[in-house]
Student: 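Let me begin by handing over the structure; questions about it come next.
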2 protein chains.
Amino acid sequence: MEYQKELKRLIFDLKTNYLPSVSIDLVIFGFHDGQLKVLLLRWKTTDKWCLPGGRIRHEENMEAAAYRSLRERTGLSEIFLQQFHTFGDVDRYTHFSRHDTLSKLGLPEEDLKEFASRDVSVGYYALVEFAGATPTPDLFTDECCWWDIDQIPLLLFDHNDMITLALKTLRRQLSYQPIGYNLLPDKFTMPDLQQLYETILGQSLDRRNFQKRMLGYGILERLEERKTGGAHKAPYLYRFNKENYEKALRDEILFVG
Amino acid sequence: MEYQKELKRLIFDLKTNYLPSVSIDLVIFGFHDGQLKVLLLRWKTTDKWCLPGGRIRHEENMEAAAYRSLRERTGLSEIFLQQFHTFGDVDRYTHFSRHDTLSKLGLPEEDLKEFASRDVSVGYYALVEFAGATPTPDLFTDECCWWDIDQIPLLLFDHNDMITLALKTLRRQLSYQPIGYNLLPDKFTMPDLQQLYETILGQSLDRRNFQKRMLGYGILERLEERKTGGAHKAPYLYRFNKENYEKALRDEILFVG
DNA sequence: TCAAAAGTGTTAAACGTACACCCATGA
DNA sequence: TCATGGGTGTACGTTTAACACTTTTGA
């Protein structure tokens with residue numbers, strides 16, 4: 001059986017080349033067309049879903065491991081990725097029985113036991129333009145796709161808590177730091193930017209006040225061009241002033257909340 | 001040699017009963033008399049200092065491990081403890097050579113090697129009334145004492161970064177949540193509370209505005225008594241309204257920043 | 001009686017919020 | 001020509017920041 005062989009190889013690889021006891025979990029938020037989604041994986045031969053994750057190689061920085069896992073699941077790199085919390089409760093696997101879930105993989109009991117022990121997991125969240133991503137399942141999962149943020153089912157392990165905390169952190173982050181650099185095209189309109197903010201915050205904002213505030217931070221440059229082809233009045237195009245944007249990131253200017 | 005024997009036992013205990021690859025580091029801020037201090041340990045037979053830390057037992061929640069380590073170093077429990085970041089760079093031990101530092105312990109080379117490999121470390125910060133703490137060194141260290149926040153020397157590993165980030169996080173936390181519950185005596189004056197805030201923020205605040213704001217949050221109860229015995233006008237005593245205090249913690253009301 | 005700390009209130013500036021009108025565009 | 005989205009400015013209310021005088025107390 002090819003799958004069993006491959007799985008065995010993977011497990012050997014995990015045991016030898018990766019740090020034990022520590023894992024990484026990713027809350028990958030997808031933004032597109034005014035919708036906020038989360039990338040979930042369906043566990044092999046079950047109807048249970050969970051977050052994508054990864055492990056850290058012995059000679060690899062933890063953040064690099066998170067980026068690598070993100071790339072493996074979405075095909076994307078160069079995106080916004082942020083550590084938000086580390087989860088270390090003993091019972092964090094017992095929401096559904098981890099042992100039962102893992103047994104679906106068809107592993108020998110010894111491997112199962114090791115897998116079923118509690119890991120400390122470092123949570124990262126990412127924000128990607130989901131039209132550009134290519135969701136790819138891994139060897140433990142059958143399916144990988146986007147779920148609407150309002151319709152997340154009961155997930156395996158403590159992954160519902162992770163999503164809740166990640167979203168809370170992202171929203172708070174929005175009050176301290178600019179966002180949008182790797183999420184919007186190089187040139188974008190003010191309504192585009194506003195929609196991004198509204199999608200993340202889950203609430204609508206006043207057009208005029210939003211524009212005033214954004215321009216006030218000095219991270220935007222208005223171009224001469226306008227975006228034509230739309231059905232209505234052509235909006236101006238903007239681009240981020242990279243220098244001021246980076247400065248705002250460093251300084252943690254207070255933004256809209 | 002009694003110390004070598006004890007050390008051997010400790011290392012065996014660490015190997016068998018604790019999670020590998022993950023450690024905990026504690027930034028314990030001490031508050032007293034308008035001073036902000038950090039608890040540091042001096043590494044065995046060296047003049048190098050570092051943060052206290054700990055490890056997680058197999059059947060122990062991570063947060064419980066942090067509390068336990070805190071108790072072991074200070075004798076205190078029931079205090080403010082908060083996870084702030086997890087550190088996982090490969091080179092986080094190379095600031096000073098970890099191998100050289102560890103060799104001062106007089107361990108056999110095999111143990112040394114294992115000890116010298118990179119751990120992922122979860123950083124917690126705590127805030128304690130330092131007059132009540134009893135700083136206690138562990139088996140790896142000769143000395144345990146408070147250092148003024150402005151006079152921290154170059155520390156082992158990435159511990160200077162940890163302190164910087166912990167302080168930044170603590171200051172931000174102050175804008176979202178009330179603080180003081182386990183730091184001030186049951187009854188305290190408004191100037192006491194203000195001094196706590198000023199010490200943490202490292203800046204002075206306007207007396208009148210501070211009082212207005214604090215009272216506005218409804219977490220304080222003014223008592224009939226005044227604090228007598230001081231050399232000047234007797235200030236009122238306050239106590240926290242536990243219920244509202246807890247509520248403010250949960251709701252993350254926006255506080256003074 | 002004086003110096004030092006604590007109690008209290010007012011005013012101006014900044015900021016956030018609410019809101020309305022005109023313009024451009026393709027259907 | 002009209003419906004829709006986009007551009008712009010003003011006025012009000014709230015919040016924050018600055019600031020001064022009086023009271024109490026022990027030295």
Side-chain angles (χ1 to χ4, degrees), chain A residues 33-34 171-172 174-176 178 180 184-185 187-199 201 203-239 248 251-257, chain B residues 33-34 171-172 174-176 178 180 184-185 187-199 201-218 220-239 248 251-257:
Chain A
D33 205 23
R171 285 178 176 164
R172 173 166 301 175
L174 215 56
S175 2
Y176 285 105
L184 295 171
K187 300 171 182 181
F188 53 88
T189 68
M190 193 59 76
D192 289 341
L193 184 63
Q194 184 174 346
Q195 189 183 246
L196 172 61
Y197 273 74
E198 289 180 338
T199 303
L201 293 173
Q203 66 183 57
S204 55
L205 303 169
D206 184 274
R207 218 156 42 89
R208 296 151 286 198
N209 296 335
F210 180 81
Q211 164 146 336
K212 250 178 293 175
R213 219 176 318 201
M214 285 300 141
L215 293 178
Y217 298 124
I219 57 168
L220 295 178
E221 287 169 7
R222 186 200 270 190
L223 307 176
E224 290 308 311
E225 314 166 62
R226 285 158 176 262
K227 180 183 185 177
T228 55
H232 307 288
K233 181 170 182 177
Y236 285 105
L237 286 169
Y238 293 83
R239 77 155 65 99
D251 295 356
E252 310 204 341
I253 297 288
L254 236 147
F255 269 69
V256 60
Chain B
D33 205 24
R171 284 177 177 165
R172 172 166 302 176
L174 216 55
S175 2
Y176 285 104
L184 295 171
K187 300 172 183 181
F188 52 89
T189 68
M190 193 60 75
D192 289 340
L193 184 62
Q194 182 174 347
Q195 190 183 244
L196 172 61
Y197 273 75
E198 289 180 337
T199 303
L201 292 173
Q203 67 183 57
S204 55
L205 303 168
D206 183 275
R207 219 156 40 90
R208 294 152 286 196
N209 295 336
F210 180 81
Q211 166 147 331
K212 252 177 290 175
R213 217 174 322 198
M214 285 299 140
L215 293 178
Y217 298 124
L220 295 177
E221 287 169 9
R222 187 200 269 191
L223 307 176
E224 289 306 310
E225 313 167 63
R226 287 160 175 262
K227 180 182 184 176
T228 55
H232 308 289
K233 183 171 183 178
Y236 285 104
L237 286 169
Y238 293 83
R239 77 155 65 100
D251 295 355
E252 309 204 340
I253 298 288
L254 235 148
F255 268 70
V256 61

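Lettering follows sequence order; numbering is per chain, from 1.
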Student: With B/Tyr238, which residues qualify under ring-ring contact (aromatic ring centres under 6.0 Å, His included), at least two apart?
Tutor: none
Student: Apply salt bridge (charged side-chain N to carboxylate O under 4.0 Å, His left out) to A/Arg208 and list each qualifying residue two or more places apart in sequence or on a separate chain.
Tutor: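 With neighbours one apart ignored, the set is A/Asp206.
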Student: Quick one: side chain to side chain contact (heavy atoms under 4.5 Å, CB included) partners of B/Lys187, sequence neighbours excluded?
Tutor: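 In terms of side chain to side chain contact (heavy atoms under 4.5 Å, CB included), with neighbours along the sequence ignored, B/Lys187 is linked to B/Leu223, B/Glu225, B/Leu237, B/Arg239.
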Student: Of all residues at least two apart in sequence or in a different chain, which pass the side chain to side chain contact (heavy atoms under 4.5 Å, CB included) check with B/Pro191?
Tutor: B/Thr189
Student: Could you tell me from which nucleotide to which nucleotide of DNA chain D, 5' to 3', there is an atom under 4.0 Å from chain A heavy atoms?
Tutor: D/dT4 to D/dT10
Student: Partners of A/Gln195 by side chain to side chain contact (heavy atoms under 4.5 Å, CB included), sequence neighbours excluded?
Tutor: A/Phe31, A/Thr199
Student: For A/Arg226, check salt bridge (charged side-chain N to carboxylate O under 4.0 Å, His left out) against everything at least two apart and list the hits.
Tutor: none
Student: So if I define the base as every atom that isn't primed, P, OP1 or OP2, how would nucleotides 5-15 of chain C read as a B/S/- string at a heavy-atom cutoff under 4.0 Å?
Tutor: BBBBBB-----
Student: Using the side-chain hydrogen bond (donor to acceptor under 3.5 Å, both in side chains) criterion, which residues pair with B/Gln194? Sequence neighbours excluded.
Tutor: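 Checked B/Gln194 against side-chain hydrogen bond (donor to acceptor under 3.5 Å, both in side chains); matches are B/Glu198.
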